[in-house]
Amino acid sequence: MRVEGTHTKIAGDLLAHYDLHARRLPWRAPPGSNAADPYRVWLSEVMLQQTTVAAVIPYFTKFTERWPTVDALAGAQDADLMAAWAGLGYYARARNLLACARVVAADHGGAFPSTEEGLRALPGIGDYTAAAVAAIAFGHSAVVVDANVERVVARLFAIETPLPAARPEIRAAAGRITPDSRAGDFAQAMMDLGATICTPRNPACGICPLREDCAAFRTADPAAFPVRLAKKPRPHRLGHGWWIERADGHVWLVRRPAKGLLGGMRALPSSDWSAAPDAAPPLAAGWTTLADPVAHVFTHFSLNLTVHVTHLPLDVAPPGDGEWWPLEQIAEAGLPTLFRRAAEAAMKESRQDA
DNA sequence: GATACGTGGCA
DNA sequence: TTGCCAAGTAT
């Protein structure tokens, strides 16, 4: 149980602002309604992990139309789920999403646990998502701390400790300003504030409802908070990808290993990605190498993928597991962005050859 | 605690 | 153009 402290003014000011200016988002119940659907709250929170609202909206719409309930999602085929997630990134989320739906359907009768502890035990639900679902879907006074809340709280209290070491301090401060009632609205209001007013760069302090509560506002540079440690430089890697097209308009696609980078996703056959990758093609054939490699930036390295193209007769197949995929349906293959771009480059080249 | 894990928008 | 950053989780 939280003790009502000296910071209740902050929650009051923020909720008053939220009642007037809350963003209308597809996963939010309409104003005045308290009918937040735990399935939709959970799905949106998983999609929003490290991902912008603008990127999530079309995926959320597509998923809820195709799979309206957690039981429906639990019945999805792995390949269909992964293909539907393609392009959104962090594909472990999609694998855990399906695992979580199946646990909820099989072990909880299709009803999400309502407590942080119960939610935290499910695949893909960490401290943040457990607190967010408990607060937003079930009205519990959970302390919800995401990157927005970290930034807002670091500024409200002008916390000088650099991230990530400041996490415990920030979490304690967040707990002190979280209200006993309307904790879900409070959490969403903090995130709205962080996304639209208390932004990482050039915060709009002039229209901020918490301006008079904010210690950073009284400093010369509010945007200097939160303090962050310098990041390590991102290494660069090289790789090779092979576009194997058959005379009847199909391309050879493989599925990547279940774990690791782009785990479980359809892909072009490719080499390892390293400073000096093995460039041996998967089969002996006449290869054309595209002049411009596909440049792609992952979180922890950047990549130049050199794309090689060949055309095979009908009676030749590459070694190993894979599938011939019709070229006119390449958009439905669910290729992650790197391979979608490689496919676009290869098909453009093939058209020029024809 | 540190690292692996995608992608796109913005300055 | 290049770097920063985003409703984090798993190991």
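Proteins come first, then strands; the chains are lettered A, B, ... in the order of their sequence lines, and each starts at number 1.
Checked by atom type and distance alone, the side chain of A:R171 never pairs as donor or acceptor with a backbone atom of A:V145 at under 3.5 Å.
Counting to the nearest Å, the C1' atom of C:dG8 and the CD atom of A:E150 are 10 Å from each other. In this structure, the OH atom of A:Y91 is 17 Å from the C1' atom of C:dT9, given to the nearest Å. Regarding A:L88, its CG atom lies at a distance of 9 Å from the P atom of B:dT7, rounded to whole Å. Straight-line distance from the CG atom of A:L338 to the P atom of B:dG8: 11 Å, rounded to whole Å. When rounded to the nearest whole Å, the span between CG of A:L98 and C1' of C:dT9 equals 17 Å. Taking atom CZ on A:F298 and atom P on B:dG8, their separation rounds to 11 Å, with Å as the unit. What separates OH of A:Y59 from P of B:dG6 is a distance of 13 Å, to the nearest Å. Distance CD (A:Q49) to C1' (C:dA10): 11 Å, rounded to an integer number of Å.
Taking the six-membered ring for Trp, A:H296 and A:F298 have ring centres closer than 6.0 Å.
For B:dG6 and C:dT11, the P atoms lie 14 Å apart once the distance is rounded to whole Å. Rounded to whole Å, the P atom of C:dA7 lies 15 Å from the corresponding atom of B:dA11.
Put simply, A:R95 has no side-chain N or O that comes within less than 4.0 Å of OP1 or OP2 on B:dC5. Distances shown here put every side-chain N or O of A:R93 at or beyond 4.0 Å from the OP1 or OP2 atom of B:dT7. OP1 or OP2 of B:dC5 has at least one side-chain nitrogen or oxygen of A:H300 nearer than 4.0 Å. Contact between the side-chain N/O atoms of A:H296 and the OP1/OP2 oxygens of B:dT7 is found at a separation under 4.0 Å.
Residues from residues 110-123 of chain A placing a heavy atom under 4.0 Å of any atom in DNA chain B do not occur. For the segment residues 253-271 of chain A, the set of residues with a heavy atom within less than 4.0 Å of an atom of DNA chain B comprises A:G260, A:L261, A:L262, in numerical order.
Residue A:N202 is out of contact with every strand shown, counting any heavy-atom pair closer than 4.0 Å. Heavy atoms of A:W27 sit under 4.0 angstrom from at least one base atom. Across all strands shown, A:V144 has no heavy atoms under 4.0 Å from either base or sugar-phosphate atoms. Among the heavy atoms of the strands, none lies under 4.0 Å from A:L97. Using a 4.0 Å heavy-atom cutoff across all strands shown, A:S44 reaches no nucleic acid atom at all.
Remark: A:R28 pairs with A:Q188, A:D192 by the side chain to side chain donor-acceptor pair (under 3.5 Å) rule, at least two apart or across chains. Under the side chain to side chain contact (heavy atoms under 4.5 Å, CB included) criterion, A:H236 pairs with A:L238, A:S302, A:N304, sequence neighbours left out. Contacts of A:R211 classified as salt bridge (Lys or Arg N to Asp or Glu O under 4.0 Å), with partners at least two apart in sequence or in another chain: none. The side chain to side chain contact (heavy atoms under 4.5 Å, CB included) search around A:A158 returns A:A215, A:F225, not counting sequence neighbours. For A:R341, the salt bridge (Lys or Arg N to Asp or Glu O under 4.0 Å) criterion is met by no residue, not counting sequence neighbours.
Residues A:F63 and A:L81 form a side-chain contact, since some pair of their non-hydrogen atoms from C-beta on lies under 4.5 Å apart.
A side chain to side chain donor-acceptor pair (under 3.5 Å) check over residues 97-118 of chain A, counting only residues at least two apart or in different chains, returns the pairs A:D78-A:R102. Within the structure, side chain to side chain donor-acceptor pair (under 3.5 Å) pairs that include any residue of residues 45-67 of chain A comprise A:E45-A:Y128, A:Q49-A:T129, A:T51-A:R93 (at least two apart or interchain). Each side chain to side chain donor-acceptor pair (under 3.5 Å) pair with one or both residues in residues 313-337 of chain A, not counting sequence neighbours, appears once here: A:R266-A:E323. Screening residues 125-141 of chain A for salt bridge (Lys or Arg N to Asp or Glu O under 4.0 Å), with sequence neighbours left out, gives A:R120-A:D127.
For A:N96, counting side-chain heavy atoms from C-beta on, the closest listed nucleotide (B:dT7, C:dA7, C:dA10) is C:dA10.
A:R340 and A:E344 are joined by a salt bridge, as a carboxylate oxygen and a charged side-chain nitrogen come within less than 4.0 angstrom of each other.
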Just the atom pairs and distances: protein N or O near nucleotides 4-6 of chain C's N or O, under 3.5 Å.
from	atom 1	to	atom 2	distance (Å)
C:dA6	OP1	A:R151	NH1	2.8

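Remark on DNA chain B: of its neighbouring residues A:P164 and A:T337, the 5'-side contact belongs to A:P164, judged by nearest-heavy-atom nucleotide.
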